[in-house]
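Each chain gets a letter, A, B and so on, in the order its sequence line appears, and its residues count up from 1. Because only heavy atoms are used, hydrogens play no part in the values below, and waters and symmetry mates are left out as well, while side chains stay in.
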2 protein chains.
Amino acid sequence: MPTNKPTVKKKPQVTASPERRRELLDTAAEVFAAQGYNATTVRKIADAAGMLAGSLYYHFDSKESMLDEILSAFLTELWDGYDTVLAAGLGPRETIEALVTESFREIDRHRAAVAIYQKESRTLSAQPRFHYLSDSQQKFEKAWLGTLERGVEAKVFRSDLDIRLTYRFVRDTVWVAASWYRPGGQHSPEEIARQYLSMVLDGIALRPT
Amino acid sequence: MPTNKPTVKKKPQVTASPERRRELLDTAAEVFAAQGYNATTVRKIADAAGMLAGSLYYHFDSKESMLDEILSAFLTELWDGYDTVLAAGLGPRETIEALVTESFREIDRHRAAVAIYQKESRTLSAQPRFHYLSDSQQKFEKAWLGTLERGVEAKVFRSDLDIRLTYRFVRDTVWVAASWYRPGGQHSPEEIARQYLSMVLDGIALRPT
DNA sequence: TAACCTACCAAACACTTGTTAGGGAAGCTT
DNA sequence: AAGCTTCCCTAACAAGTGTTTGGTAGGTTA
């Protein structure tokens, strides 16, 4: 990261069209997801977009800004869906089911962003600019863990498990899917959610009838 | 990557002591795991090791070699354990249990290497040098998926699930643990394995007795 | 004491990185 | 026709990158 400018916050390109920005952000997200943020040079992004490196700076004021915009756009949409689910006043089991299903829908729509989030969020959240990642993660934990706890109290979830372990288990099983999921595969997001929920809730072992 | 030399394959430092190499590789693995391979500069590794960047080249002939050695050492040990389990001739359920337990032990011992593997293996396996990662992954899939299929035939695992989905489910739940696991935590690897297996096999929902 | 080996340092190298400044072609507005 | 706006290119910059070369302090061996 050269040219460390003294906080002169240049105003971004107000003239650039939002559709083009979206387009470029989508290809950038794709490259970030495939190669990793740090391994991705702005020249690679420009290549994928059919332009030269410097031209990107007409639309964005830094590589970091692109990443920022990709992640925050994703999180905004994600919480839009989550908040709707959480406000519905469902029971614990139904809440978990709805959250998982919603998550797979988000993976379907924001595969690249989710993959980036998964790979980079831990290192990024140390940076002040990306502190909202930590905030989101806390909110996330509160929602999921809270629902699990409610479920244990209501005797719909097992009480003999470490609840935090259970939380990480459920959370991870859902979100790692972004690493292999490809839209247009043989299973719809809803079908994947159904099977995942079946495994998480009832296990993969065959029970004697 | 500057100084593109014409394939003059310099012989590595035969004089360097193996213990010191191990020591340096351990600190390198720690930095790689924390920051990501590409984001890690050789100067950061040298810093963590208390020496200067150039001095690393007395022990290793490139940054890539360090990564290579870290990953291949881990995989060697991993397959040592796996092969023992697979050769034991256990039933499907017992094999899965043993594989999961063994995996958590490996995570305990090679936390950094596992984390690196998780983050970088997909991009690395394209490079010829790291093609053994793909080989390992195939062997991995064969072992796990095969066991699951045997289990379905033997009626110890459910047959109403997409078997490949199940495979990825089990695989991922185990290995993502490396991203949050810290040795010396409140649960031993064996205890984590026990609870994970309980969740994967029987689910988290409370069943009516 | 002399020669040698081990493990490091100091300083540079060639190249890549994110970013910027100035320019210009096409299209729209006046 | 003149001016303006949008979107890109050309060409460079300064800092950071992995790596090499030559040197050297301290221990071991002869």
What's the spacing between Thr27(B) OG1 and Met66(B) CE if we round to 0.5 Å? 9.0 Å
Checking all strands, does Ser55(B) fall into the base, sugar-phosphate, or nothing category for heavy-atom contacts under 4.0 angstrom? base
Considering only heavy side-chain atoms of Ser62(B), the closest of dT19(D), dA10(C), dC8(C) is dT19(D)
What about the rings of Phe140(A) and Tyr82(A), do their centers lie closer together than 6.0 Å? yes
Short side-chain N/O contact to dC7(D) OP1/OP2 from Tyr58(A), under 4.0 Å: yes
Looking only at side-chain atoms of Ala53(A), point me to the closest of dT19(C), dT19(D), dC8(D). dT19(C)
dC8(D) phosphate, OP1 or OP2: any side-chain N/O from Arg20(A) under 4.0 angstrom? yes
Using a cut-off of less than 4.0 Å, is there contact between a side-chain N or O of Thr41(B) and OP1 or OP2 of dG16(D)? no
Taking dC8(D), dT20(C), dT20(D) as options, the one with an atom nearest any side-chain atom of Tyr57(B) is dT20(D)
What nucleotide, of dC8(D), dG18(C), dC8(C), holds the atom closest to the side chain of Val42(A)? dG18(C)
Is there a donor on the side chain of Arg43(B) or the base of dG16(D) sitting less than 3.5 Å from an acceptor on the other? no
Please verify the inter-ring angle class for Phe169(A) with Tyr196(B); under 30° counts as parallel, over 60° as perpendicular, anything in between as tilted. perpendicular
Need one value for Ser65(A): base, sugar-phosphate or nothing, where a base atom within 4.0 Å counts as base even if backbone is also close, heavy atoms only. nothing
I'd like to know whether NZ of Lys139(B) has more than 12 heavy-atom contacts from other residues, nucleotides or ligands below 6.0 angstrom. yes
Under 4.0 Å: is that the gap between some side-chain N or O of His59(B) and OP1 or OP2 of dT6(C)? no
